[in-house]
Protein chains: 2
Amino acid sequence: MTITIKDVAKKANVAPSTVSRVISNNPRISEKTKRKVRKVMDELNYHPNLNARSLANRSTKSIGLVLPPALDTSFHNPFFAEVIRGVTAYSNQKDYSLYFITGNNEDEVEQTVIKTIRGRRVDGIILLYSKENDKIIDYLNENNFPFVLVGKPYHSIDDITYIDNDNYAAARDVTNYLIEHGHRQIAFVGGESSLLVTQNRLRGFQDSMQLNGLSVNEEEIIFTSFTRDGGRKAVNQLLELKELPTAIVVTDDVLALGIISVLSEHNISVPKNISIISFNNAIFAELANPPLTSVDINIYQLGNEAAKNIITKIEEPDGTEKSIIVPYKIVVRGTCVKNERLTLVSS
Amino acid sequence: MTITIKDVAKKANVAPSTVSRVISNNPRISEKTKRKVRKVMDELNYHPNLNARSLANRSTKSIGLVLPPALDTSFHNPFFAEVIRGVTAYSNQKDYSLYFITGNNEDEVEQTVIKTIRGRRVDGIILLYSKENDKIIDYLNENNFPFVLVGKPYHSIDDITYIDNDNYAAARDVTNYLIEHGHRQIAFVGGESSLLVTQNRLRGFQDSMQLNGLSVNEEEIIFTSFTRDGGRKAVNQLLELKELPTAIVVTDDVLALGIISVLSEHNISVPKNISIISFNNAIFAELANPPLTSVDINIYQLGNEAAKNIITKIEEPDGTEKSIIVPYKIVVRGTCVKNERLTLVSS
DNA sequence: GTGAAAGCGCTAACAG
DNA sequence: CTGTTAGCGCTTTCAC
């Protein structure tokens, strides 16, 4: 029923091996027979069986995309859709397919990764998130399996190729920006504290504050989840402070959204009563009310570079692919203004 | 280097076929040898080569997820992340993997679908969107390839299994809801008009209006894109009306977000000056400012049922899988209030 | 430049 | 209950 390489060979009066060579565009085949064979392939509407091919040549032309566990609130983050866009653009062009790897919890994800790799379903892996003590990264490293990380590695930073922004610098910039706008009491709200991106942005924030002679209390640093309850938790904690900060550095637009909404329940208006600056410039940052002042981290490019990196790594195993830092920039919109409140905090 | 079924067989003193049977948990193998073989598999850390297996038994245990072209603004819609969550939950449990199929434009998507299917990389397809004159759906239909559609088919509705909400009824409900709240002049804003979901919701809106003796001008029906510019375009068109509507039915939360934000640029506040009710109850509907009154269409369940459907279809080709209508409900939040404006429109 | 034949790692009759 | 034997559809030496 299914038409195979043999059918093509027979009809074109050549050997199967010749057809195979035509498929892979082997230069040792004459243009004449190439044309002849291609014509027959068209007539028969032939499409190669990719499993057979993968089995024979030990290559799948597929790459595995590892996402955080589907039950995590972060799974919904538009960040992933946008990285995947970037990945797709490049991988499609290079004729690579994407395998989607996730699970309901961390263990399931890990098991799926192992099964997929050992099952020889993919030639390489793109890890779409980075967190502390991640077993997957260790597995990949130990087994010398080609992979690239989107984000900063928790350890072995010199042995792992990664694509990331300079989140530390970005967070410093952002904090400096607030300080330049007259803010002195600034809080920090981040996502899960085990996420590397949270940690890096926190350090940038802290260093900027310190270098500017500003103090940060422990209660002004908050970790929470990407839900309304998460936003509520953060806001409640802020409300308990003797004085409300005049500005907040928020590590993610989704988080900012929730905080703004909950604040307005309390009749605290952004940016009039409090300024917010967040990260990622997700697609809806411009759709928010008010539109978010946010750090554009070039998510698309992050994905695109990751794809480029893993594919060349696969195709040139001896090549020495380097990690890449993607630039960022602050996009000023409507959540951030000069501090009008008189502040008694002195350096 | 790679350890195969033969290695396991040798070490366990059985034939390769026996090992194969143990893997597939064939009941005709004694518990004793099963244990023995499994022990050896563990010791050798054996994992089957899935390509070889797929080649031999003509089944991949993979399903293809077809997404809209990555360049479409709709690609970012959190809808997809949530359906995929639903799909994942079920497919993981059933030990199916997911292949990610998309492209930069419609043709690319179609080519990728064909290559993937003919290349025997997947056993079935879940189509994650439904639009007019979709070639992919025709291809799938003509080739009798197992697939299920999330959304309503454009044609051949009796030959295609689909998972959808009753979007027509939902839109009627929503419009009735606004009318019951005193609104008389109501506008409609939808996404791309070629999307079936847009069409179905529009019909529901129109019928409700008509049945309530309310008229709708052509200019009060607007199609636009999921961006701020899209929102701006819609708002501008509304501002040109002799009188601003007191309420809007919006087919998607993302759209609603943009409209609310642009309206507030014009000092038109939601819900004070205009009520909005939208669809999907996306993850950030509750995070918006104000939180969106939205129709919860149970996206997760949509995905879950789709997975269930396609997998049983694959495993029982003679079974008669039926289409499924997933329930919806209006979630009242903060974008919708009673019409306070005096209206002269009479029925 | 092209063909013959072996083999990738697994499953599926068929036999016993 | 288990082993033997042919493939699945392709690629890849090795000849010529």
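Throughout, protein chains are lettered first and strands after them, A, B, ... in sequence-line order, and every chain is numbered starting at 1.
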- Message: At 4.0 Å (heavy atoms only), tell me whether B:Asn26 reaches a base, stays on the sugar-phosphate, or touches nothing.
- Response: nothing
- Message: Rounded to whole Å, how long is the line connecting atom CZ of A:Arg35 with atom P of C:dG1?
- Response: 14 Å
- Message: At 4.0 Å (heavy atoms only), tell me whether A:Asp7 reaches a base, stays on the sugar-phosphate, or touches nothing.
- Response: nothing
- Message: Just to be sure I understand the rule, does B:Ser30 reach a base, reach only the sugar-phosphate, or reach nothing, if contact means heavy atoms closer than 4.0 Å?
- Response: sugar-phosphate
- Would you indicate which nucleotide in D:dG9, D:dT4, C:dG9 comes nearest to any side-chain atom of B:Thr2? C:dG9
- Separation of C:dG3 atom C1' from A:Lys10 atom NZ, nearest Å, is 15 Å
- Note on the structure: Of B:Val14 and B:Leu55, the one whose closest nucleotide on DNA chain D sits nearer the 5' end is B:Val14
- Query: Between the side chains of B:Asp138 and B:His155, does any donor sit under 3.5 Å from an acceptor?
  - Reply: yes
- Quick one: B:Asn49 CG to D:dG9 P, roughly how many Å, whole number? 16 Å
- Message: Contact between A:Asn45 and A:Ile3 at the side-chain level, heavy atoms closer than 4.5 Å - yes or no?
- Response: no
- Rounding to a whole Å, what distance do you find between A:Ile23:CD1 and D:dG9:P? 13 Å
- Note on the structure: By nearest-nucleotide position on DNA chain C, the 5'-leaning member of B:Leu50 and A:Thr33 is A:Thr33
- Query: Do we see a donor-acceptor contact under 3.5 Å between the side chains of B:Glu321 and B:Thr312?
  - Reply: yes
- Query: With distance as the sole criterion, do the side chain of B:Ser17 and the base of D:dT5 form a donor-acceptor contact below 3.5 Å?
  - Reply: no
- Quick one: do the B:Thr161 and B:Lys313 side chains pair a donor with an acceptor below 3.5 Å? yes
- Message: For D:dT11 and A:Ser20 - does any side-chain N or O of the residue sit under 4.0 Å from the phosphate oxygens OP1/OP2?
- Response: yes
- Query: Please give, in whole Å, the distance from D:dG9 P to B:Arg120 CZ?
  - Reply: 8 Å
- Item | First encountered from the 5' end of DNA chain D, between A:Arg21 and A:Tyr46 | A:Tyr46
- Message: From CD1 of B:Ile3 over to P of C:dC10, roughly how many Å is that when rounded to an integer?
- Response: 8 Å
- Message: Which is more 5' along DNA chain C, the nucleotide nearest B:Ala52 or the one nearest B:Arg28? Just name the residue.
- Response: B:Ala52
- Item | Nearest-angstrom distance from the residue atom CD1 of A:Ile5 to C1' of C:dA5 | 15 Å
- Can a donor-acceptor pair under 3.5 Å be found between the side-chain atoms of B:Arg58 and the base atoms of D:dG9? no
- Query: Are any of the side-chain nitrogens in B:Arg58 or B:Asp123 under 4.0 Å away from the carboxylate oxygens of its partner?
  - Reply: no
- Message: Strictly below 4.0 Å: does B:Ser54 bring a side-chain N or O up to OP1 or OP2 of C:dC10?
- Response: no
- Query: Can a side chain N or O of A:Arg53 be found less than 4.0 Å away from OP1 or OP2 on D:dT11?
  - Reply: yes
- Note on the structure: In whole angstroms, the gap separating P of D:dG9 from CZ of B:Arg118 amounts to 12 Å
- Item | Contact under 4.0 Å: A:Thr18 side-chain N or O vs C:dG3 OP1/OP2 | yes
- Item | Pairwise side-chain contact, B:Arg121 with B:Thr60, heavy-atom cut-off 4.5 Å (strictly under) | no
